[in-house]
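This report refers to the structure that appears directly beneath it.
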Amino acid sequence: MMVFSIINFTFFDGYTYPEGAFNHLHLPAYFKTELTIAKVLGVLALLLPGIPNG
């Protein structure tokens, strides 16, 4: 679900709402970048423990 929202934030921001979902919710523009970075780090934190150490 987090990967889907990362892709959605990055590529399809204006799809549902012409002005973009973040503008529609009256959120500041920088919040989109911060939230995307936090989600990428969260996905990495969930996946990296599953990688065996060498």
Side-chain angles (χ1 to χ4, degrees):
M1 188 60 122
M2 287 175 59
V3 173
F4 173 74
S5 68
I6 292 168
I7 293 169
N8 214 11
F9 288 162
T10 306
F11 298 112
F12 304 114
D13 186 33
Y15 183 71
T16 304
Y17 304 102
E19 70 275 8
F22 281 85
N23 290 339
H24 179 75
L25 296 172
H26 304 290
L27 295 170
Y30 64 85
F31 188 65
K32 178 177 149 182
T33 305
E34 292 178 355
L35 188 60
T36 303
I37 291 170
K39 286 184 180 241
V40 168
L41 292 175
V43 168
L44 290 176
L46 290 172
L47 292 178
L48 287 179
I51 298 173
N53 294 333

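Side-chain atoms are counted along with the backbone in the values below, which use heavy atoms only and exclude waters and symmetry mates. Here the structure is a predicted model, which means the values were calculated and not measured. Residues take their numbers from the sequence shown, with the count starting at 1.
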| Closest heavy-atom pair and its distance - Met2, Lys39 | CE-O, 3.3 Å

| Are Leu35 and Ile37 linked, directly or through other ILVMFWY residues, by side chains that come within less than 4.5 angstrom of each other? | no

| Linking I/L/V/M/F/W/Y whenever their side-chain heavy atoms sit closer than 4.5 Å, directly or via other members, would Ile7 and Leu41 fall into one cluster? | no

| message | My understanding is that only residues two or more places apart in sequence, or in another chain, count here; which of them pass side-chain contact (heavy atoms from CB on, under 4.5 Å) with Val40? | response | Ile6, Leu44

| field | Partner residues of Pro28 under the side-chain contact (heavy atoms from CB on, under 4.5 Å) criterion, sequence neighbours left out | value | Tyr30, Phe31

